[in-house]
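Positions are given from 1 along the sequence.
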Amino acid sequence: MWAASTVTMLVLAGLLPDFRIQSEDGDSATDTAVAAAAGAGAFGLLSALVWPALVRLLLLVPALVLGLLVFFLNGALLLLALRLNPAERGAAAWETAVVVAAVMSAVASATGAALAVRDDDAYRRRLHRLAHRRRRRAPPCPSTPGTVFLQLDGVGHDVLRDAVAKGLVPTLARWLGEDGSPATHRLTRWRTDWSSQTGASQLGILHGDNHDVPAFRWYEKDRREVMVCNRPSTAALLQHRAEARAGHGGLLRRDGASRGNLFSGGAGEQALVLSIATRRRGRENRSRAGYFAYFSDPANAVRTALSFVAEVGREVGQSARARCRGDRPRVSRGGLYPLVRAFATVVERDVVVAAVMGDLLAGRSSVYADLVAYDEVAHHSGPTSHDAEKVLRRLDRAVGLIEKVAEHAPRPYRIVVLSDHGQSPGETFRARYGLTLADLVRAGCGLPVPRRARRTRSGAEARSAVRAALRIPVEEREERSRPERRRREPIVLASGNLGLVSFPDVPHRMSREEIDARHPALLPTLANHPGIGFLLVRSEEHGGVVLGARGVETPLARLDREPGPLAPFGPAAAAAVRRTHTFPHTADIMINSFHDPADGEVLAFEEQIGSHGGLGGAQSEPFLLSPLVLGPPEPEGAEPVGAERVHEVLARWLGETAEPGARLPRSRAARRPAGAPAAEPDGVLGEGRS
């Protein structure tokens, strides 16, 4: 490696005008080689001795910022190495030193891998040594098993089954005994709530309560605010509400670690957790385990950066090939998306996996980590696309690396792999009908819509329905006072194939009768549209009613006997819809898109060809892959229903591996009668403005 670094320094000195390792008067080839060898050796020693101390000083810096600082700090070390060179011949401009240091670190990493001294096994050994030194200063680690929960975001049960059959995930296939070895894990399907997205699922899994999370985005009239699950302020408020309702800090509150999640789960160690992003960084919300182990070697950051650039290029190439082939369905993949994809599939994966490995070697009792790579790619490429399959391969390798690291841990570990939801394929609502859901709602209300939407069949039919209901031309209605019209305009939000319509000027949830009186053509226009499966609205007569095409309406109390428009969505749809109806912040109109049970397709109201957020298809069917030594999730092979139930299962598994006498959260079922609605604690809904 020293020799490779020396050659690299010589080559770069010949290529870069601002970098030299010779004296200004010139040197012999021997003197130049000696100077390069001395500089490379000094740089290697500084990287090994000084670098870990620098990283320790910067542990409060966010992971992404530290990853970028690596290059500048590495350049500083190179400049220092040139000054320490006994030949006193080296010099470099600051920006050139950054480039040279990065290239030398990359070459050293590649050389080490070729010589089998810097592969994953060596990385594990280095982590093991770090953990061993840490354990000598820490209390003895319990001998009881710890538990690691790895969330493969967006991977549905059937997608995983197909990936195992195709050989895409050899580690998980081995656990299931598909390679002929004895099975060590079981695969179980579970059912999400109506809101099949990470915010609702992960809140329920980690904190045991996802009440009043009707979608990924929704409008709260009392706060006059649009809530978005991946917004730090919203995540912090949702976690606060869940903790108040559940009565405990979360699944991970006993010596736990939360990595890459929306919510903390009550963990003491956190990295890339959204709900703490608004807090001032300090001892209580910084991450040490894994963070230091990863960045203590500058080659890791260089490798991640090179992989980031390669992933951006891969996405640009895959998008161009999809356009050339004329793939359908297809959505735009330009703008910042290549960078977003590269961050999710490379940077976040590397940091989260490194943090989990550090947690294992530190002997933590429980770890929950979210790997978001598949979900991000499947949204734009499709859940069963070749692009998504490549991501599954890389995620399986990450799981395999974590499994190997667990062998060096000071206590045994049981690894549970799960997902928070699946994804359903299908083209977008806009691509099929030429207008967005917001356009359709505005047309049904008699409000102006873009000219392109007005010319579509759906837009024309909606305007005709308004004329028939009002018995006046739409244009006459559009000429009403502009301030009054704007005040009464609805807020239309989309969460995958789930749409929400709220009227912000009405302080309460409007009933069907109030909506009909205000916009008599709106509900019939939406219910009869071929791209919409059903609507949920409040009814003064029935409490709640599901509306479908051709005037079909089914009260919630009769859904079990008469599913009506819910029939294509399966037998679990009725309970999910009834539960959402009880939420204080359910929208005035809840809209679920059309679903074709034959091919599992839905129509996303967002620009995604792999979507989730509502009912229909694989999006509602994630998985649990659990060790056989743990009890089955449900008796007699039943499937867990709802994220809150999954929380109870995971808490029970933690109880099976906990130390004697350890107190864990009681299940929600033990705290209230079966079927009884949970009461909202006083003051919770109005809090959270701080």
Separation between CZ (Phe605) and OG1 (Thr428), nearest 0.5 Å, reads 10.5 Å
So, does Arg330 use its side chain to make a donor-acceptor pair with the main chain of Asp327 at under 3.5 Å?
yes
Point to revise | Side-chain H-bond candidate by donor/acceptor type, Ser424 with Asn497, under 3.5 Å | key: no
Query raised in the report: Side-chain donor-acceptor pair under 3.5 Å between Asp420 and Ser201, yes or no?
Result: no
**Message:** Is there a side chain to side chain contact (heavy atoms under 4.5 Å, CB included) between Val602 and Asp596? Walk through the geometry before answering.
**Reply:** CA-CA 7 Å; Val602 300; Asp596 185 353; over 6 Å; no
Self-check item: Side chain to side chain, Asn261 and Tyr368, heavy atoms closer than 4.5 Å
Solution: yes
*asked:* Checking Leu237 against Arg241 for the side chain to side chain contact (heavy atoms under 4.5 Å, CB included) test, could you report, in this order, the C-alpha distance in whole Å, the side-chain angles of both residues, the deciding distance, and whether it holds?
replied: CA-CA 6 Å; Leu237 177 57; Arg241 292 176 178 176; 3.5 Å; yes
Interatomic distance, CD@Gln619 vs NE2@His612, rounded to 0.5 Å, equals 8.0 Å
So Thr586 and Arg509, do their side chains get closer than 4.5 Å, heavy atoms only? yes
Quiz item: Can any side-chain N or O of Ser319 pair as donor or acceptor with the backbone N or O of Glu315 at less than 3.5 Å?
Solution: no
message = Do the side chains of Arg512 and Glu541 get close enough for a salt bridge, i.e. N-O under 4.0 angstrom?
response = no
Heavy-atom nearest pair, Cys229 first then Val213, reads SG-CG1, 4.2 Å
query: Please walk me through it: do Leu523 and Ile515 pass side chain to side chain contact (heavy atoms under 4.5 Å, CB included)?
result: CA-CA 8 Å; Leu523 293 179; Ile515 297 172; 3.9 Å; yes
Checking Gln423, Gln197, Gln151 against Asp375 for side-chain hydrogen bond (donor to acceptor under 3.5 Å, both in side chains), the one that qualifies is Gln423
Output for pair (Tyr337 OH, Leu339 CG), nearest 0.5 Å, gives 11.5 Å
d(Arg259 CZ, Leu252 CG) to nearest 0.5 Å is 10.5 Å
Closest non-hydrogen atoms of Ala443 and Val449, given as atom of the first, atom of the second and distance, are N-CG1, 3.6 Å
When the ring planes of His595 and Phe569 are compared, do they come out parallel, tilted or perpendicular, using 30° and 60° as the limits? tilted
With salt bridge (Lys or Arg N to Asp or Glu O under 4.0 Å) as the criterion, how do Asp193 and Arg645 come out once you've worked through the C-alpha distance, each side chain's angles and the decisive distance to 0.1 Å? CA-CA 10 Å; Asp193 305 288; Arg645 179 56 187 163; over 6 Å; no
How about Val340 and Glu376: do any of their side-chain heavy atoms sit closer than 4.5 Å?
-> yes
- Sub-3.5 Å donor-acceptor pair from the side chain of Asp599 to the main-chain atoms of Glu601, do we have one? yes
- Item | Side chain proximity check, Leu418 to Phe149, heavy atoms < 4.5 angstrom | yes
Shortest non-hydrogen pair, Ser264 vs Gln239, comes out as OG-NE2, 2.8 Å
Would you say the side-chain atoms of Tyr374 pair up with the backbone N or O of Pro383, donor to acceptor, closer than 3.5 Å?
-> yes
Could you give me the CA-CA distance, side-chain angles and deciding distance for Asp370 and Gln202, then say whether side chain to side chain contact (heavy atoms under 4.5 Å, CB included) is met?
CA-CA 10 Å; Asp370 186 10; Gln202 200 176 87; 3.5 Å; yes
Closest non-hydrogen atoms of Ala643 and Asn210, given as atom of the first, atom of the second and distance, are CB-ND2, 3.8 Å
Under-4.0 Å salt bridge between Arg224 and Asp505:
no
query: Hey, mind stepping through Asp153 and Thr198 against side-chain hydrogen bond (donor to acceptor under 3.5 Å, both in side chains) and telling me if it holds?
result: CA-CA 8 Å; Asp153 203 304; Thr198 303; 3.3 Å; yes
Check: Asp387/His380 side-chain N/O donor and acceptor closer than 3.5 Å:
no
Value for CG (Leu498) from CD1 (Ile591), rounded to nearest 0.5 Å, stands at 8.5 Å
Review point. In terms of side-chain heavy atoms, does Thr554 have a donor or acceptor partner in Glu562 at a distance below 3.5 Å?
Key: no
### Query
If you measure from the Lys or Arg side-chain nitrogens to the Asp or Glu carboxylate oxygens, is any gap between Glu348 and Arg341 under 4.0 Å?
no
(request) Give a yes or no answer on whether the side chain of Asn230 reaches the backbone of Leu262 with a donor-acceptor pair at less than 3.5 Å. (result) no
Worksheet item: So, Glu514 and His508: side-chain donor and acceptor under 3.5 Å apart, yes or no?
Response: yes
Sidechain N-carboxylate O distance under 4.0 Å for Arg245, Asp212: no
His421 and Phe623: aromatic ring centres closer than 6.0 Å? no
Point to revise | Any Val226 side-chain heavy atom under 4.5 Å of Leu493 side chain | key: yes
Heavy atoms of Val501 and Ala587 approach each other most closely as O-CB, 3.6 Å
| Is the shortest side-chain N to carboxylate O distance from Lys221 to Asp588 below 4.0 Å? | yes
For the side chain of Ser275 and the backbone of Ala236, is there at least one donor-acceptor N/O pair under 3.5 Å apart? no
- Heavy-atom distance under 4.5 Å between the side chains of Ile589 and Leu500, does that happen here? no
So, do Pro507 and Asp222 sit near enough that their side-chain heavy atoms are less than 4.5 Å apart? no
Worksheet item: Parallel, tilted or perpendicular: which fits the ring planes of His647 and His248, with parallel below 30° and perpendicular above 60°?
Response: parallel
Note to self: Determine whether a donor-acceptor pair (N or O, by modelled atom type, separation under 3.5 Å) exists between the side chain of Thr580 and the backbone of Ala576.
What the structure shows: yes
Donor + acceptor pair across side chains of Ser258, Gln270 (<3.5 Å): no
When you check the gap from the basic side-chain N to the acidic O, do Glu621 and Arg191 get nearer than 4.0 Å? yes
Is a side-chain donor or acceptor of Asp439 paired with a backbone partner of Leu435 at a separation under 3.5 angstrom? no
- Going by the angle between their ring planes, with limits at 30° and 60°, are Tyr433 and His529 parallel, tilted or perpendicular? perpendicular
ask   = Can you list the steps and then say if Phe216 with Trp194 is a ring pair (Phe, Tyr, Trp, His ring centres under 6.0 Å)?
value = CA-CA 11 Å; Phe216 185 75; Trp194 186 359; over 10 Å; no
Salt bridge (Lys or Arg N to Asp or Glu O under 4.0 Å) pairs touching residues 602-616, sequence neighbours excluded, are Arg217-Glu606
When rounded to the nearest 0.5 Å, the distance separating CD of Glu427 from CG of Leu603 is 6.5 Å
**Asked** Is there a side-chain contact between Val577 and Leu566, using heavy atoms and a 4.5 Å cut-off?
**Response** yes
message: Please tell me whether His379 and Ser611 have a donor and an acceptor in their side chains that are separated by less than 3.5 angstrom.
response: no
Check: Ser502 side chain, Pro504 main-chain N or O, donor-acceptor pair, under 3.5 Å: no
Check: Glu513 main-chain N/O paired with Arg518 side-chain donor or acceptor under 3.5 Å
no
